[in-house]
Amino acid sequence: MKPIKLEISGLQSFSKKQTIDFNELTSLGLFGIFGETGSGKSTILDAMIFAIFDKIPRTMGNSGNGIRPCLNQDSDSIEVYFKFSLGENLFEIDRCYKKKYTRKGEEKFEQAKPILKINGDVVADTVTNVQSKINEYFGIGVNDFTRSVVLPQGKFSEFLKLKGSDKMSMLENIFDLEKYGTNLSNKISFRLNDLKESISSLQNQIKGKGDISIELINTLKSDLKIKNSELTQIIVEKKTLTSEFSELNNIKTLFEKLELYSSELLKLDLVKEEIERNKNDVLKHEVASSLKVLIEELEKIKCEIIQNNFDLKNLQISLDKENAILDLEKNKEESFDKKIEEINQKISEKKVDYEALDSLRKAEGYLNKIEIKEKLLKEISSTNKKIEEEIVSFKEKVTKNKIELEIKENELNSLIKIDSNTISTLEKDIADIKTKLGIETEKNLNKSNLEKDLRNYLEKKDDLLHQFSAIDKIVTELQKQTLQNHAFELAQHLNHGDNCPVCGSKEHPDLAKATHHIDISILEKNINEKTILEKRLIEIETKIEYVNADILRIGDIENIESLKETLILKEKELKSLKDIESEAVRKERDLHSSITTLISSISNLDENISHRKSTLKDSLQKVTVYENEISKERENLSSLKFNNIFSNSNEIILESILKEKNILENMDKEYRTLLSFKESSEIELRKIKNNLLSILENVQSKNIGVATLKEKISNSESNFEIKDNRLKETIISKGFNSKDEVLSYLLNEDIYLSIKNKISEFENSYTRYNHLKSEILSDIGNREFNSERWEFLSRYLEELSEKENSLIKETTELKSNLNRIELLAEEAHELLKEIEMLTLKQDDLLLLQKRFKGRKFVNFLARKRLDYITYEASKRLQKITRGRYLLKVDNNCDFIIIDTFNSNHSRECSTLSGGETFIVSLVLALALSGQLQLKGKIQLEFFFLDEGFGTLDSVLLDRVIEILEEIRWKEKMKIGIISHVEDLKIRIPRRLEVSTAIPGEIGSTIKLI
């Protein structure tokens, strides 16, 4: 996690919004937050944790989240915005709690909807969804976060003081070991329960299939054979009678059709006269239709004459209106010409001297710039004096530190240097041998247990093979005797000359003899026992294969005694080397620490001097630039021309410039207003002139239209008279007396078509029925129809069909039942096979469940993690304490301290002083943070601690800062410190100063230094 930006408002002592730019604050890696006690330093840490987890560590003991007590007394809401990165993802979180009041006036303190953005997109906007996303990306909760990444007050030494079981639970959570413990055990239990349910379900399925015995199957087959025989007899008889019935039925159909056709012809004779009348009506309609076209054309010409007269009248009225509008528009044109002339006269009176106005505006700008830059020059001068004083102070400190550094380097050069790589290599070899010894011991134990199981399975297999061989002989003998008995039963019903049902021969020279009676149940019982033994043999052979495979996977085992001897020799060698090196290492570490601290201090002081000189140089350059700019602005001001606005004796000041500028600008506004009014009037005048042209065009167009319509009316009246005379002559020639008589014979189109269809249908039907009647008489010939025989065959065939359907239904049901029972029997056999396979899996899972019982595996993994964390923490602890203290873990997973300066005496961590507790807690937190980075769930680029520095003396403080600097440099981490210790300020290159709030006036404020 890498913080980028934090905004705080209304939290604890922060009443107004304060913003922290972490990019700037963490630019040098190591940074500090300083201020008086109660100024609000720890609140910055609280705000970061609150933004991520919606909790504040110092109030988590209160009911709920304990947010209400953290509200600033001068604020109505707590608002925190936190921007940070995780790997390549950019996170932004907004959280807000507000005071609200009910209708009764009761106060409520409620959370507004939080907002979580990832890479600029809103991914969650509810409390639940935001927390879900945080858990997804972080992988650790607030408690583990405050023990290993951000350490607020009261949380610093929690990991050190945690007891064994709580410590292991924490490690299991933050290193995601649940999948090897509780989760894996739950998976095994779930799978076992699933298998038990599956086996029980399969057994219930077999029971649910009912009776599926061989006796039932044979009975169904016998019944099916009888029913099939009866059905065959009925089908043969039915086929014979159906042929005769079909012939009679055909003759019956022919006589029925003859009667039908004769009846239809009689009906057609009754409507023959009506059809003749319809034919006459159709003929008259067709002649009248040809005259209708001429009548309609004459009516159309008449309508055109009426419409043209109407249009002529309307056009004349419209022309009169257009002439009136034309006179009005001419009057408007004259009025606007006079108005524009008056505006032109006013514009000439209001014209402004723009050269003078421009000079006044420039003068205002020059005077403002001169005033601002003179203020900046005063501020820079004051700052430069402070910087010069700081440079003198830093140079004195550098001289003092260089003298002390030279003394320490001379002491270091006089020491004999001892190589410590040999000890590290030896420690690693011992750890590897111990790990290997543990693995080989466990492999040896597992292999012994597997070989014992293999011997037991082989003994069981031999015993089962012996039993199987004995019962197989019994079954074979009983089956042989049963076959002889069946042969004897066949021979009793076999006569000379009959075909043998087995071989088909008609000669039977040697008939089978009777043997003693065999009880079928005994045979079946022995077969069942044989089947059970076969299954048990398969199970034993499968288990033997699994055990052999496990033994092969274990492979060869190294000589354990040889490994133990090697371990003892390595440990003796290590102890001897440590005793020799101890004193020399202690002296060398003290000198190295002092030299590193002095070099770091000199480097920081040099950087500060260089930075201050650079700042001073930049300031002096700015002074020169500002002075030149002021001079240039004054020259620009003196070069301006004001066209006698100011007399030479008057001093040009900002007040007089502004007064004259306002006068000219007001005149300019009036001038521009008149120009705008003139422009709008000219536009309106152009519209009027365009409208006049349009009206003139309309008047001319309508005059032409009047003349055209008059000509059309005259032509239409002449054409109407000619065509009317021609129509009258045509009507008389076609046999009609008048136009009305012609129209009276016209028929509706639908009626006309209906009558024509009716005539056509009558003629077609009459012809068709005569033809069909002749064909039927030809088909009947000399044949006669016997109705009594037809009725008898009809009834008898119906009875045979009913019997046939009944037998088909019965045979179908028998076939269905037989197929169903055979299928059920096959399914039951498959289910038994599946039960056997599931039982084998169940045995394997039971063995696996036994191995994972009691969280042994996950505790082993957590202990390995804890050992490595302790090892890394111990290395840093040795460096800080100059080799005096080591950190170990006892059998209960509790931390213990080894004092190497006191005969390796061990003691509990509760006996440590305040400063010692701080150092041990710090190295543990740093080691745990390093492991979290390796975990891959969260990329740690940040570490924050908020207490303990006040318990350290100056020597230990230097060593702690040295360790933090080394981590910052080697591991590329940003490390933050919260403290009120003044000595830390000169050791921290980048810091944030927090100013204490003043009640009733201002809240806490921050300043980046």
Side-chain angles (χ1 to χ4, degrees), residues 1-11 14 16-27 31 43-57 60 64-65 67 70-71 75-98 100 109-146 148-150 152 173-176 178-179 929 932-944 972-974 976 992 1006 1008:
M1 186 185 82
K2 181 181 177 183
I4 298 170
K5 186 178 182 181
L6 179 67
E7 294 178 356
I8 313 169
S9 173
L11 182 64
F14 290 91
K16 300 298 181 182
K17 185 167 81 171
Q18 298 293 309
T19 302
I20 301 172
D21 183 355
F22 279 100
N23 283 334
E24 185 70 20
L25 181 61
T26 63
S27 59
F31 67 94
T43 303
I44 293 171
L45 213 55
D46 292 339
M48 294 167 63
I49 298 168
F50 167 66
I52 298 171
F53 296 104
D54 195 22
K55 296 179 188 296
I56 297 176
M60 280 171 64
N65 289 339
I67 305 299
C70 300
L71 176 66
S75 301
D76 291 328
S77 65
I78 296 174
E79 297 180 31
V80 175
Y81 166 80
F82 188 30
K83 184 177 182 181
F84 59 93
S85 62
L86 277 177
E88 296 179 355
N89 293 317
L90 191 66
F91 287 69
E92 295 175 79
I93 301 177
D94 274 298
R95 288 200 189 270
C96 178
Y97 278 78
K98 291 185 178 180
K100 293 183 180 179
F109 193 64
E110 297 179 351
Q111 183 177 12
K113 280 188 176 182
I115 297 173
L116 172 62
K117 294 182 181 179
I118 300 179
N119 300 322
D121 297 326
V122 176
V123 297
D125 59 0
T126 65
V127 175
T128 304
N129 291 344
V130 169
Q131 202 56 49
S132 175
K133 284 289 180 184
I134 291 296
N135 292 339
E136 178 186 337
Y137 281 90
F138 273 69
I140 59 175
V142 64
N143 288 329
D144 298 330
F145 188 74
T146 56
S148 54
V149 182
V150 175
N173 178 39
I174 66 176
F175 293 120
D176 199 21
E178 296 98 330
K179 60 186 176 185
S929 295
L932 277 174
Q933 188 176 18
L934 295 175
K935 182 183 176 187
K937 219 173 195 181
I938 172 175
Q939 296 85 13
L940 289 179
E941 302 175 64
F942 185 65
F943 184 79
F944 218 130
K972 307 297 183 186
M973 287 183 73
K974 310 293 184 184
L992 194 72
I1006 60 172
L1008 183 64

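Numbers here simply count residues along the sequence, with the first being 1. All values below come from the heavy atoms of this structure, side chains included, with hydrogens, waters and symmetry mates left out.
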Those residues at least two apart in sequence (or on a different chain) that pass side-chain contact (heavy atoms from CB on, under 4.5 Å) with Leu71 are Arg68, Ser75, Ile78, Lys99, Phe109

With the side chain counted from C-beta on, respond yes when Ser85 and Ile4 share a heavy-atom pair under 4.5 Å apart, and no when they do not.
yes

Which pairs of donor and acceptor atoms, one on a side chain in residues 116-129, lie under 3.5 Å apart (sequence neighbours left out)?
residue	atom	partner	partner atom	Å
Asn119	OD1	Leu90	N	2.9
Asn119	ND2	Asn89	OD1	3.2
Thr126	OG1	Asn129	N	3.2
Thr126	OG1	Asn129	ND2	3.1

List the residues meeting side-chain contact (heavy atoms from CB on, under 4.5 Å) with Lys113, not counting sequence neighbours, and say none if there are none.
none

Nearest 0.5 Å please: distance from the CE atom of Met48 over to the OG1 atom of Thr43.
13.0 Å

Salt bridge (charged side-chain N to carboxylate O under 4.0 Å, His left out) partners for Lys100, two or more places apart:
Glu110

Donor + acceptor pair across side chains of Tyr97, Asp54 (<3.5 Å)
yes

Partners of Phe91 by ring-ring contact (aromatic ring centres under 6.0 Å, His included), sequence neighbours excluded?
Phe84, Tyr137

Residues forming a side-chain contact (heavy atoms from CB on, under 4.5 Å) with Ala51, sequence neighbours excluded
Val80, Phe82

Tyr81 side chain reached by Glu92 side chain, heavy atoms, under 4.5 Å:
yes

Non-neighbouring partners of Gln18 that pass side chain to side chain donor-acceptor pair (under 3.5 Å), sequence neighbours left out
none

Would you call Leu6 and Ile44 a side-chain contact if the rule is heavy atoms closer than 4.5 Å?
yes

Evaluation steps, side chain to side chain contact (heavy atoms under 4.5 Å, CB included), between Gln111 and Ile67
CA-CA 10 Å; Gln111 183 177 12; Ile67 305 299; over 6 Å; no

Sorted by first residue and then second, give each salt bridge (Lys or Arg N to Asp or Glu O under 4.0 Å) pair with at least one member in residues 17-27; sequence neighbours left out.
Glu7-Lys17, Glu24-Arg990

Name all residues meeting the side chain to side chain donor-acceptor pair (under 3.5 Å) criterion together with Ser77; count only those two or more places apart in sequence or in a different chain, and write none if there are none.
Glu79

Side chain proximity check, Lys55 to Phe50, heavy atoms < 4.5 angstrom
no

Distance (rounded to the nearest 0.5 Å) between Cys70 SG and Leu11 CG
6.0 Å

Within the 4.5 Å heavy-atom criterion, are Ile93 and Ile115 side-chain neighbours or not?
no

Which residues pass the salt bridge (charged side-chain N to carboxylate O under 4.0 Å, His left out) test with Lys98, not counting sequence neighbours?
none

Does the side chain of Phe53 come within less than 4.5 Å of Ile134's, by heavy atoms?
yes

Nearest 0.5 Å please: distance from the CG atom of Asp46 over to the CD1 atom of Ile8.
9.0 Å

Do Lys5 and Thr19 come within less than 4.5 Å of each other through their side chains, counting heavy atoms only?
yes

